[in-house]
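Each remark here refers to the structure printed beneath this line.
For ligands, and for the atoms within them, numbers begin at 1 and follow the listed sequence.
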Amino acid sequence: MQYVDEYRDTRLARGLLADLARKVTRPWVLMEICGGQTHTLMRYGIDDLLPSQIELVHGPGCPVCVTSLETIDKAHHLASQPNVTLVSYGDMLRVPGSHTDLLQVKAGGGDVRVAYSPMEALKVARALPERQVVFLGIGFETTAPANAMTVWQAKRQGLKNFSMLVSHVLVPPAIRMLLRSPHNRVQGFIAPGHVCTVMGYWQYELLSREFRVPIVVGGFEPVDLLEAISMLVAQLETGRAEVENQYVRSVTRNGNSRAQEIMREVFEVCDRKWRGIGLIPQSGLRLRPEYAAYDAEKVFQLLDMTVEEPAECTSAEVLQGLKKPTECPAFGKACTPETPLGAPMVSAEGACSAYYRYRRHATVDK
Ligand code: SF4
């Protein structure tokens with residue numbers, strides 16, 4: 001296990017920047033998928049330090065940002081029921097639905113509780129047997145094993161008052177959607193290190209071969225990201241298109257087989273709607289029929305609904321790397337972290353929030 005300081009070392013970072021400047025001969029557009037990586041890039045000003053030929057665009061890897069408006073509205077509906085306790089991660093509380101957010105539902109008397117792990121929701125369910133306890137289970141492959149384990153435990157313990165509102169999403173189908181788009185400008189991807197820690201990177205080899213695109217699995221510290229960018233540029237400049245692993249201290253080709261096992265036991269792949277983007281085939285996970293008694297959509301007979309996105313929020317283009325947050329007319333004006341119009345301004349991993357927090361809004365007229 002390495003110390004994190006090494007990955008924030010200024011001397012190493014300068015060396016990688018100098019190496020990049022020597023390597024790059026023409027313009028390249030690169031995308032980091034994960035919102036955590038976006039925040040590191042903004043926080044350390046890495047985008048400003050790169051050679052001018054390298055343009056970074058930001059991908060759809062913020063779990064809060066891509067959770068569909070319909071799922072958020074369903075959570076609001078459940079939290080408003082008198083016999084329901086809704087348990088959620090804290091960053092979901094301020095995500096705007098079509099009418100309200102969970103904080104306002106809570107202020108209006110809804111029983112909404114914040115948890116740091118889904119297992120806490122099981123404790124709440126055991127402590128409140130007279131109430132129905134629902135956990136809002138969202139996120140990428142990273143959080144899926146813990147959510148799967150929670151449902152598996154609920155079944156094993158015979159809990160009758162626990163269910164999960166599941167809206168999991170998968171990274172490889174989203175990359176495929178981006179690469180198939182006629183508007184795509186991305187020539188190389190930094191794949192998310194935490195997702196690949198769970199799932200490995202063999203699925204990305206299929207994408208790399210199919211679309212002849214270089215993909216580097218990257219970590220989350222400044223040196224990790226500079227190294228991943230350097231590896232991508234080396235491939236692009238020499239005409240290679242392969243999957244390489246920068247995040248070797250955490251990621252293997254096949255990932256964590258135990259975590260994948262529990263995911264397969266509890267979840268199955270399904271089509272999923274992504275907020276701002278729309279339906280991406282085979283890009284989600286839902287509970288298997290054997291776990292229907294723990295599926296909040298079935299327990300509460302939540303009907304399919306279609307909700308329109310607010311017209312002023314251009315998060316669809318932001319999440320696909322087609323626009324920078326500062327190109328959204330609402331950025332820093334109608335939309336700020338205090339008055340968010342869209343999820344990318346709420347979440348700690350959202351690109352709009354990263355641009356705002358790290359002062360990329362300094363040039364925006366107020
Ligand atoms: S700045 Fe606000 S309104 Fe614009 S895309 Fe981001 S979240 Fe949506």
Side-chain angles (χ1 to χ4, degrees), residues 29 31-43 45 47-48 55-73 75-76 88-104 136 138-140 167 169 174 177-178 181 183-186 192 272-280 306-366:
V29 179
M31 173 182 275
E32 82 284 356
I33 290 291
C34 171
Q37 293 168 330
T38 306
H39 268 249
T40 300
L41 293 166
M42 294 299 119
R43 179 176 176 190
D47 52 334
D48 284 343
E55 181 185 354
L56 293 179
V57 294
H58 318 299
C62 156
V64 174
C65 306
V66 299
T67 300
S68 74
L69 204 43
E70 286 83 355
T71 302
I72 304 291
D73 281 0
H76 295 168
S88 163
Y89 295 123
D91 50 2
M92 294 305 289
L93 264 59
R94 292 185 60 243
V95 177
S98 47
H99 302 297
T100 183
D101 61 38
L102 282 173
L103 270 185
Q104 288 182 43
L136 180 50
I138 65 142
F140 287 89
S167 187
V169 283
M177 178 275 300
L178 293 170
S181 164
H183 307 295
N184 177 50
R185 297 171 58 231
V186 180
R272 175 73 70 211
K273 188 170 179 189
W274 295 48
R275 187 168 190 169
I277 296 174
L279 189 99
I280 305 180
T306 307
V307 186
E308 293 301 320
E309 300 281 344
E312 59 271 57
C313 178
T314 59
S315 65
E317 283 120 311
V318 171
L319 291 168
Q320 294 177 73
L322 302 174
K323 271 189 180 170
K324 299 277 166 59
T326 43
E327 293 173 63
C328 171
F331 179 87
K333 295 172 184 161
C335 185
T336 68
E338 288 72 40
T339 56
L341 289 177
M345 189 57 97
V346 178
S347 166
E349 294 192 14
C352 301
S353 152
Y355 270 66
Y356 195 92
R357 185 185 301 190
Y358 300 117
R359 303 193 170 277
R360 295 300 198 274
H361 61 300
T363 54
V364 173
D365 294 332
K366 291 219 171 177

Q. So, does R94 use its side chain to make a donor-acceptor pair with the main chain of P337 at under 3.5 Å?
A. yes
Q. Does a side chain donor of either H39 or E349 reach within less than 3.5 Å of an acceptor in the other side chain?
A. no
Q. Below 4.0 angstrom, N of the basic side chain to O of the carboxylate: do R275 and E70 qualify?
A. no
Q) Looking only at heavy atoms, which two atoms of H183 and L322 are closest? And how far apart? A) O-CD2, 3.6 Å
Q: Output yes when E55 and K324 qualify as a salt bridge under the 4.0 Å nitrogen-oxygen rule, no when they do not.
A: yes
Q: Check whether the side chains of S347 and D91 place a donor and an acceptor atom closer than 3.5 Å, and report yes or no.
A: no
Q. Hey, which protein N/O/S atoms does atom 8 (Fe) of ligand 1 have under 2.8 Å?
A. C313 SG
